[in-house]
There are 2 protein chains.
Amino acid sequence: MNTQNLPVAALIKFFEQYFPLNMAERKEVAARFTERSVKRRGFILQQGDVAKYFTFVVSGCFRQYVIDETGKEYNLQFAIENDWITDLCSFYSETASNTYVEALEPSVILQIKHEDLLYLYTHYHKFDRNFRIIVEKKYIDLQNRVMQNISVTAENRYSNFMTRYPNLAYRLPNIQIASYLGITPEFLSKVRKKIVRPA
Amino acid sequence: MNTQNLPVAALIKFFEQYFPLNMAERKEVAARFTERSVKRRGFILQQGDVAKYFTFVVSGCFRQYVIDETGKEYNLQFAIENDWITDLCSFYSETASNTYVEALEPSVILQIKHEDLLYLYTHYHKFDRNFRIIVEKKYIDLQNRVMQNISVTAENRYSNFMTRYPNLAYRLPNIQIASYLGITPEFLSKVRKKIVRPA
DNA sequence: AAATAATCTTAAACAAGTTTAAGAATCAGG
DNA sequence: CCTGATTCTTAAACTTGTTTAAGATTATTT
């Protein structure tokens with residue numbers, strides 16, 4: 001099995017940030033994750049579907065969002081290379097999702113089915129651990145975001161976002177950033193103007 | 001070892017929601033968690049400290065909060081019986097916390113040190129799994145909160161909070177709820193009035 | 001390269017939420 | 001059960017962010 005230069009090499013490298021994988025574990029990764037290309041605006045999850053996969057982003061960019069009764073969209077998260085995305089709630093409870101996961105760029109992903117991930121959890125201690133760590137890191141990020149949402153003005157949330165996620169931020173249209181920060185694109189425009197040419 | 005009626009029995013019961021514990025695992029739980037009583041307004045974590053413990057709440061109620069430059073407090077989370085609380089970021093990175101964790105009621109807790117939890121992770125697969133599940137559930141809650149923060153008015157956030165966490169909500173002063181929802185107590189008062197006697 | 005779609009900006013009128021201040025009600029602790 | 005401290009309410013003036021609408025700019029697709 002030659003996994004060099006393949007998307008699965010990126011995934012193995014990701015896991016090995018935490019702990020080296022033995023040969024059996026590498027084989028399982030190669031066997032149980034499925035590669036897939038997604039074009040811009042393609043969906044890997046839509047409202048009403050059960051999230052069947054946990055997705056590792058090899059290249060490209062995704063957003064998860066919800067749509068309210070009035071048709072407005074709200075971005076819950078972005079994921080670029082080396083990040084993970086799914087609707088965790090739907091994935092683990094195997095119930096219909098309220099969310100969409102859409103590619104913002106042409107992307108390459110590796111997906112694992114719920115049952116295969118459970119298999120890995122049960123047979124290889126290390127994957128319980130790896131996914132514990134993945135979710136812990138995401139939890140910490142999310143808590144930081146909640147903190148900002150309840151304590152920081154839109155202007156500062158925008159500045160902080162740009163400094164914290166510069167790679168991500170400069171790839172995203174402002175309209176997507178506004179939706180993530182919980183403000184309108186019009187107000188973001190105002191904020192940006194103010195930052196460039198402060199009163 | 002008789003653990004009936006003891007706080008540690010509550011903790012074992014908590015873990016056994018997910019998977020039964022064998023005798024060795026129960027012994028480790030009894031041995032590695034330390035019981036502690038905390039009086040109202042007592043702190044188990046303060047800004048500048050490293051969070052040395054992961055805390056299971058046997059009885060009582062805690063809040064985690066931050067204080068900004070102007071001295072205002074913002075509640076990041078509450079934890080009542082059968083919930084867990086710490087500053088995850090500080091706990092895992094072993095760096096100083098920006099947050100406080102304070103008892104809102106006289107409380108009884110069980111705490112495990114970072115090194116002891118790592119010991120459990122390493123020697124007992126089940127604890128990696130249990131803590132993966134604990135954090136996943138907390139992540140899902142937090143994502144739901146972010147969604148509300150960016151898409152729902154203060155009035156509806158309050159209503160949703162009251163229906164979603166009634167047990168918790170009716171134990172908390174409104175001032176604490178306001179701080180969690182990201183609004184002022186004065187505005188919450190307005191909102192409550194409107195809900196009782198709609199215009 | 002043209003056509004279409006999506007994004008960005010501006011501004012005026014509006015709505016949601018904050019600030020300040022002060023009095024009333026409730027609660028915790030000795 | 002008394003007392004000080006905390007919490008809750010109200011209201012007026014203010015600030016932050018939204019809505020609507022329209023034109024300008026930039027990307028994407030054909």
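In what follows, every chain begins at residue 1, and chains take the letters A, B, ... in the order their sequences are listed. Since we're looking at a predicted model, the values are computed, not measured.
An OP1 or OP2 oxygen of D:dT7 is reached within less than 4.0 angstrom by no side-chain nitrogen or oxygen of B:N174. Contact check, B:R192 against D:dT9: a side-chain N or O comes under 4.0 Å of OP1 or OP2. Regarding contacts with the backbone of D:dT10, every side-chain N or O of B:K194 stays at 4.0 angstrom or more from both OP1 and OP2.
Atom CD1 in B:I183 sits roughly 20 Å away from atom P in C:dA15 (whole-Å rounding). Nucleotide D:dT7 holds its C1' atom 12 Å from the CG atom of B:L188, rounded to whole Å. For the pair B:L181 CG and C:dA16 P, the interatomic distance rounds to 17 Å; values are reported in whole Å. As rounded to whole Å, 18 Å separates atom P of D:dT25 from atom CD1 of A:I175. In this structure, B:E105 atom CD and C:dG29 atom C1' are separated by 16 Å, rounded to whole Å. As a whole-Å value, the separation of B:F187 CZ from D:dA11 C1' is 14 Å. The CD atom of A:Q176 sits 9 Å away from the P atom of C:dC8 (whole-angstrom rounding). If you take NZ of A:K72 and P of D:dT18, they are 9 Å apart, rounded to a whole angstrom.
The aromatic rings of A:Y124 and A:Y119 sit tilted relative to each other, their planes meeting at an angle between 30° and 60°. In this structure, B:F78 and B:F161 have tilted ring planes: the angle between them lies in the 30° to 60° band.
With sequence neighbours excluded, the residues forming a side chain to side chain donor-acceptor pair (under 3.5 Å) with A:E16 are A:R26, listed by chain and number.
Checked by atom type and distance alone, the side chain of B:N75 pairs as donor or acceptor with a backbone atom of B:Q176 at under 3.5 Å.
The pair B:K137-B:D83 does not meet the salt-bridge criterion, since no charged nitrogen lies less than 4.0 angstrom from a carboxylate oxygen. Using a 4.0 Å cut-off between charged nitrogen and carboxylate oxygen, B:R171 and B:E81 count as a salt-bridge pair.
Remark: nothing in residues 148-165 of chain B comes within less than 4.0 Å of DNA chain D through any heavy atom.
When each of C:dC8, D:dT19, D:dT10 is scored by its nearest atom to the side-chain atoms of B:S189, the top-ranked nucleotide is D:dT10.
Residue order along DNA chain D, read from the 5' end via each residue's closest nucleotide, puts B:R40 first among A:R41 and B:R40. Checking B:E186 against A:V191, the closest nucleotide of DNA chain D that is more toward the 5' end is the one next to B:E186.
A salt bridge (charged side-chain N to carboxylate O under 4.0 Å, His left out) check over residues 69-78 of chain A, counting only residues at least two apart or in different chains, returns the pairs A:R63-A:E73.
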